[in-house]
Number of protein chains: 2
Amino acid sequence: MTLVHDERAPYVQVADIIRAEIASGERAPGAKLPSVKKLAERFGLAEMTVHSGLRILREEGLIVATPGRGTFVRSDVDPASLEAGGSSRAESDLRSQVESLTATVEQLSSRVAELEKMAGLSAMTD
Amino acid sequence: MTLVHDERAPYVQVADIIRAEIASGERAPGAKLPSVKKLAERFGLAEMTVHSGLRILREEGLIVATPGRGTFVRSDVDPASLEAGGSSRAESDLRSQVESLTATVEQLSSRVAELEKMAGLSAMTD
DNA sequence: GTCCATTTGTCCGTATGTATA
DNA sequence: GTATACATACGGACAAATGGA
């Protein structure tokens, strides 16, 4: 598992890779992940970049991290539920797409509102 | 200036403050937030810390950020959801966001159609 | 019990990339 | 083409929590 140069942001790829390792059973529930330092060395990234990747998985509920102890795979996560749609790379893609769409719609709304003002619309939306 | 864990982390407080400003109506829907640079100066924090705070609100669906434009308050946010749980995690559900987007796009479509009717169809030949 | 190494979490300052206006 | 603004990455630093010597 290595990072691809042309694809998405490195920290997202880190999340994708580790998520895949959990889904494949390579990292069993309750297992301890390598420290951020080790992961940073493995991926050739800064620790903070790895940390950002782990943050995604934490928000997805796949892992649990405790200062002084380490980062562990949630023990109540069923690998089958990952492919079913609980948390997956597909959901990450969807989320970013929805965010992008939301921004575009927001912008369109303002522009349309501006046009309606210029047009001197008499008929409001009933 | 040691950060006592007595209070919550600064980036969380940034999110809390701005969330409160949105909830109170001080920052109206569609309004443009100050740039990250300005907010960093206002709070006396680094830009990255402010950015982390805004990321929370973005994931909650309260704001929308676009590079080169700025950060804006979502216009289709229901104020009731803010008072309900402080942080409305339910609003970040993909399905509800898609539903909201679909409804907004539909409204925009009819408004644009109305504008096109008023404008006549002469602009098509450019 | 105290000291210390490990580990996560956060902040800072800077730099680069990319999209917008 | 230039300026603005968000997004990410890096390296260094410190705090808090855990665990072992």
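Letters A, B, ... are given to chains in the order of the sequence lines, protein chains preceding strands, and every chain is numbered from 1. Just so you know, these numbers come straight off a predicted model, no measurement behind them.
The side chain of A/Tyr11 has D/dA9 as its nearest neighbour among C/dT20, D/dC6, D/dA9. Counting only heavy atoms from C-beta on, A/Ala65 has its side chain closest to C/dT8 among D/dT8, C/dT20, C/dT8. Of the listed nucleotides (D/dA9, D/dT8, C/dT10), D/dA9 has the atom at the smallest distance from the side chain of A/Thr49. Here the side chain of A/His51 is nearest to one of C/dT10, D/dT8, C/dT20, namely C/dT10. With D/dA17, C/dT18, C/dC11 as the choices, the nucleotide that has an atom nearest any side-chain atom of B/Pro10 turns out to be C/dC11. Comparing D/dA16, C/dC12, D/dA5 by their closest approach to the side chain of B/Leu45 singles out C/dC12. Ranking C/dC11, D/dC6, D/dA9 by closeness to the A/Ala9 side chain, first place goes to D/dA9. Distance from the side chain of A/Thr66 is smallest for D/dT18 among the nucleotides D/dT18, C/dG9, C/dA21.
Across all strands shown, C/dG1 remains unpaired; no Watson-Crick or G-U wobble contact has both distances below 3.5 Å. The partner of D/dG1 is absent, by the rule that a Watson-Crick or G-U pair needs both atom distances under 3.5 Å.
As rounded to whole Å, 17 Å separates atom C1' of C/dT18 from atom CZ of A/Arg8. Atom CG in A/Leu108 sits about 15 Å away from atom C1' in C/dT20, given to the nearest Å. Separating the CD1 atom of B/Ile56 from the C1' atom of C/dG9 is a distance of 13 Å, rounded to the nearest angstrom. Counting to the nearest Å, the C1' atom of D/dT4 and the NZ atom of B/Lys32 are 9 Å from each other. Rounded to a whole Å, the CZ atom of A/Arg58 is 17 Å from the P atom of C/dT7. Rounded to an integer number of Å, the gap from CD of B/Glu47 to P of C/dT16 is 15 Å. Atoms CG (A/Leu57) and P (C/dT8) sit 13 Å apart, rounded to a whole Å. C/dT8 atom P lies 9 Å from atom CG of A/Leu33, rounded to whole Å.
In terms of position along DNA chain D, the nucleotide closest to B/Pro34 lies nearer the 5' end than the nucleotide closest to the other residue of the pair B/Pro34 and A/Ala46. Each of B/Gly70 and A/Arg69 has a nearest nucleotide on DNA chain D; the 5'-most of these lies closest to B/Gly70.
Note: A/Tyr11 OH to A/Leu45 CG = 13.0 Å, rounded to the nearest 0.5 Å.
Checking side-chain atoms of A/Ser100 against main-chain N and O of A/Ser96 turns up no donor-acceptor pair under 3.5 Å. A donor-acceptor distance shorter than 3.5 angstrom exists from the side chain of B/Gln13 to the backbone of B/Arg8, with no hydrogens or angles considered.
In this structure, the side chains of B/Leu39 and B/Val14 stay at 4.5 Å or more apart for every pair of heavy atoms. Contact of the A/Thr49 side chain with the A/Phe43 side chain is not registered, since no non-hydrogen atoms from C-beta on lie closer than 4.5 Å.
A/Arg55 has no side-chain polar atom (N or O) that falls below the 4.0 Å cut-off from OP1 or OP2 of C/dT8. Residue A/Gln107 places at least one side-chain N or O under 4.0 Å from the OP1 or OP2 atom of C/dA21.
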Could you walk me through whether B/Leu62 and B/Ile18 pass the side chain to side chain contact (heavy atoms under 4.5 Å, CB included) check?
-> CA-CA 10 Å; B/Leu62 260 69; B/Ile18 299 180; over 6 Å; no
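Nucleic acid contact for A/Ser52: none, since no nucleic acid atom lies under 4.0 Å from a heavy atom of the residue.
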